[in-house]
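Right, one structure below, let's go through it.
Within every chain, numbering begins at 1; the chains are lettered A, B, ... in the order of the sequence lines, protein sequences first and strands thereafter. Nothing here was measured: the structure is a model prediction, and the numbers come from that model.
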2 protein chains.
Amino acid sequence: MKMNANVCERLRSPVMKKTTIKDIANELNISPSSVSRALSDEPGVSPSLRKEIVDAAERLNYIPNSSAKSLKTRKTQTVGLIVSDIRNPFFLDFMSGVETVLFPRGYKFIVCDIGEDFEKERIYIKWLLEHGVEGILSSPCGGEDGRNNSRLYREAVRRNIPVVFYDRILEGLDRISSVTLDNRQAILQGVLHLKENGHRKLGIVLHKKGIYTIEERRMGFLEACKMLDIEINADWIIENAVDAERASLSLESVLKSDRRPDAIISTNQFLNEVIVATVRRMGLKIPGDLSIVGFDDHSMNELIEPPLTTIRQPVKDIGRIAATIMLSEIDGTRGDKSKVVLKAELLQRKSVSKLM
Amino acid sequence: MKMNANVCERLRSPVMKKTTIKDIANELNISPSSVSRALSDEPGVSPSLRKEIVDAAERLNYIPNSSAKSLKTRKTQTVGLIVSDIRNPFFLDFMSGVETVLFPRGYKFIVCDIGEDFEKERIYIKWLLEHGVEGILSSPCGGEDGRNNSRLYREAVRRNIPVVFYDRILEGLDRISSVTLDNRQAILQGVLHLKENGHRKLGIVLHKKGIYTIEERRMGFLEACKMLDIEINADWIIENAVDAERASLSLESVLKSDRRPDAIISTNQFLNEVIVATVRRMGLKIPGDLSIVGFDDHSMNELIEPPLTTIRQPVKDIGRIAATIMLSEIDGTRGDKSKVVLKAELLQRKSVSKLM
DNA sequence: TTGTAGGCGTTATCAG
DNA sequence: CTGATAACGCCTACAA
């Protein structure tokens with residue numbers, strides 16, 4: 001009866017005082033330092049005492065307070081993950097890659113969705129710094145106006161917390177490692193593939209202006225055309241295609257004009273969908289009336305009709321490598337900064353016709 | 001010259017001593033308490049002094065140490081977000097919804113990908129508790145063997161940190177709020193739609209056995225069939241379809257048999273793709289040879305041929321609501337636990353034929 | 001091997 | 001309005 005009441009009490013008590021190292025020490029009539037040592041696997045505690053301590057900790061439902069620990073040790077076992085826009089399917093595989101590397105090392109990560117917003121990025125970086133993250137993975141957003149948060153990223157580095165850019169970089173920050181795609185070469189592959197199949201009238205739909213990757217892809221397109229001796233038609237370059245409606249309308253007007261391209265290159269998964277939907281709506285046949293080269297491979301790109309020929313980037317690897325670099329910089333085992341550039345891969349499916 | 005050197009020194013110093021409230025106090029020859037008050041917008045500081053303090057903080061590049069703050073106040077402005085498997089596109093919209101609610105309130109979140117792994121979930125919950133999160137959003141995983149982490153979730157609640165389950169729940173934890181879909185009614189809608197279109201031979205492909213939502217969907221299917229007087233054929237119920245290869249093979253054998261269903265219901269986006277790919281591979285026409293009702297609407301479901309009729313759940317709302325409930329429980333402004341159940345919506349497209 | 005004491009950076013309680 | 005002082009929970013020399 002009595003016991004029952006006690007149990008009840010314990011379960012019902014709205015907020016129990018949390019047990020601390022001190023409580024365990026008192027319980028066992030020993031000093032807190034021994035408890036600390038035992039519980040953090042430090043040497044200098046006799047096996048028997050250690051066992052007693054571990055048992056008591058278990059019994060008293062002890063959970064370490066990492067705020068206190070961090071205050072003392074300056075380590076939080078936490079990193080920040082800044083993502084440009086979390087609705088981009090890119091981040092599923094990316095985060096999965098990151099997690100794969102961080103979990104075994106006991107690191108947690110705080111996800112910061114900045115939604116391509118410079119101000120929000122600023123706030124999140126501050127929060128991360130206050131929080132005491134040991135590192136930051138970021139795909140920074142660079143505004144069309146050229147403003148960006150490089151000052152804050154510098155501040156982080158100055159405070160000795162490593163930053164690793166992935167997918168995107170900020171120019172001029174040489175002391176920050178990065179893991180990116182060779183975007184120019186990626187587009188070159190697409191253009192080359194189109195040329196090899198007889199296409200000479202090439203259009204491209206570019207996502208938000210000012211974004212590093214998009215600008216690179218634009219440059220890649222121009223370079224590739226020059227290199228391969230393909231005439232560039234400015235009307236076929238659709239820029240700043242951020243809003244689905246408007247992008248679709250722009251594309252439609254291009255495809256309706258007398259001089260129209262016979263192939264379109266996309267620059268991300270969002271645009272793949274916009275392009276395919278638009279072409280469908282217009283009643284054009286893919287690839288009969290128009291060839292399409294997508295970008296960013298989603299598993300469903302294979303299921304649409306026709307299966308979409310796509311430029312694929314190794315997203316999960318980007319995550320794994322970025323996280324690995326960050327950890328080694330946290331460990332201090334890496335001197336120079338790394339600038340890793342990965343290659344894209346062209347998945348040939350059925351959305352490009354052979355014009356011979 | 002001198003100044004220049006100083007600046008250089010400052011920028012180059014590998015690790016600067018971080019400035020604290022004390023430093024600011026010394027700089028201004030005042031007490032740390034005033035600085036603290038000024039910097040946390042507490043009353044009791046003259047406007048003039050306050051301004052001085054804020055300026056000095058800015059000048060000295062002061063960044064608050066939230067470990068110290070948390071140690072004192074027991075507030076971390078951080079919550080944990082436990083996801084069953086981050087590769088599920090569900091989480092894109094979900095996290096977006098959560099972020100929308102948390103950001104304006106100054107809350108950060110730690111993402112924990114448990115990959116349907118009971119043990120990993122356990123470890124992550126412990127980490128979150130140690131970290132001092134103020135709340136936990138979780139889609140817990142319940143093993144096929146019936147084991148789960150309800151003990152740890154109880155422990156969290158006992159420590160007064162609110163847990164909100166979303167998408168999935170753990171039975172028996174009545175003191176934990178939840179936001180889920182009315183899974184049975186969702187499937188009922190699909191079955192009803194098929195019946196209305198003349199289908200009587202219904203199959204279903206179920207994802208991992210033991211997962212709450214999947215079990216509910218299974219029950220929903222059985223209930224709906226009984227209610228609508230549709231004969232249930234056990235051979236047409238494909239269970240534990242976790243691996244794409246194997247699921248595809250199972251489905252293929254069902255579709256090849258003499259007695260085969262004329263419609264298949266899916267139970268998540270992953271399976272939508274598996275089913276469509278399989279049917280395509282077999283050369284069957286959708287919906288001519290087989291009707292399909294998908295589950296979990298991905299934007300590309302509209303682009304495949306034919307556009308997939310799909311049961312859509314309001315994912316972003318689930319995220320928003322779950323986060324809102326959690327915050328109000330953190331604030332302590334909510335007494336009873338909420339059990340929110342949202343309805344699915346059937347998006348009629350072209351993958352269901354009319355058999356009349 | 002064990003214990004003692006001081007401090008990590010902040011906030012909160014009291015006095016002045 | 002401002003300042004001293006004592007925690008918060010843990011770690012870590014240093015001493016015993």
Partner residues of B/K337 under the side chain to side chain contact (heavy atoms under 4.5 Å, CB included) criterion, sequence neighbours left out: B/S177, B/E329

Ring centers of B/Y107, A/W127 separated by less than 6.0 Å: no

Interatomic distance, B/L39 CG vs C/dT11 C1' [rounded to whole Å]: 13 Å

Distance-only donor-acceptor check, side chains A/S178 and A/T180, under 3.5 Å: no

Sugar-phosphate, base or nothing in reach of B/P64, heavy atoms under 4.0 Å: sugar-phosphate

Rounded distance (Å) that lies between atom P of C/dG9 and atom OH of B/Y62: 10 Å

Side chain proximity check, A/D113 to B/M95, heavy atoms < 4.5 angstrom: no

Terminal helix-axis angle for the helix from C/dT1-D/dA16 to C/dG16-D/dC1, with five pairs defining each axis and rounding to 10 degrees: 40°

Minimum side-chain heavy-atom gap B/F165-B/S139 below 4.5 Å: no

Member of A/V35, A/D23, A/I21 meeting the side-chain contact (heavy atoms from CB on, under 4.5 Å) criterion with A/Y62: A/I21

Polar side-chain atom of A/S84 near backbone of A/E116 as donor-acceptor pair, under 3.5 Å: no

Length of the line joining A/L71:CG and C/dG6:C1', which is rounded to integer Å: 13 Å

Distance in angstrom units between A/I30 CD1 and C/dT1 P, rounded: 14 Å

Interatomic distance where CD belongs to B/Q77 and C1' belongs to C/dT10 [whole Å]: 15 Å

C/dT10 base / B/S70 side chain donor-acceptor hit below 3.5 Å: no

Within residues 41-48 of chain B, residues whose heavy atoms come under 4.0 Å of DNA chain D: B/G44, B/V45, B/S46

5′-ward residue of the pair A/A68/B/R50 relative to DNA chain D: B/R50

B/K51, NZ atom: more than 12 neighbouring heavy atoms under 6.0 Å: no

Interface residues of residues 21-29 of chain A with DNA chain D (non-hydrogen, below 4.0 angstrom): A/I21

Heavy-atom side-chain contact between A/F118 and A/R147 under 4.5 Å: yes

Sugar-phosphate, base or nothing in reach of B/S34, heavy atoms under 4.0 Å: sugar-phosphate

Any residue meeting side chain to side chain contact (heavy atoms under 4.5 Å, CB included) with B/D331, in chain and number order, not counting sequence neighbours: B/R105, B/T333

Chain B footprint on DNA chain D, 5' to 3' - any atom under 4.0 Å from a heavy atom: D/dC1 to D/dG9

Distance, rounded to the nearest Å, where A/H131 contributes NE2 and C/dT10 contributes P: 15 Å

Short side-chain donor-acceptor distance under 3.5 Å, A/S70 and A/K75: no

Within-4.5 Å side-chain heavy-atom neighbours: B/I114 and B/C141: yes

Close side-chain approach of A/V163 and A/L137, heavy atoms under 4.5 Å: no

Rounded interatomic separation in angstrom, taking CG from B/N65 and P from C/dT10: 6 Å

Sugar-phosphate, base or nothing in reach of A/S33, heavy atoms under 4.0 Å: base

Sugar-phosphate, base or nothing in reach of A/R37, heavy atoms under 4.0 Å: base

Sole residue of A/Y124, A/Y166, A/Y153 in side-chain hydrogen bond (donor to acceptor under 3.5 Å, both in side chains) with A/S138: A/Y153

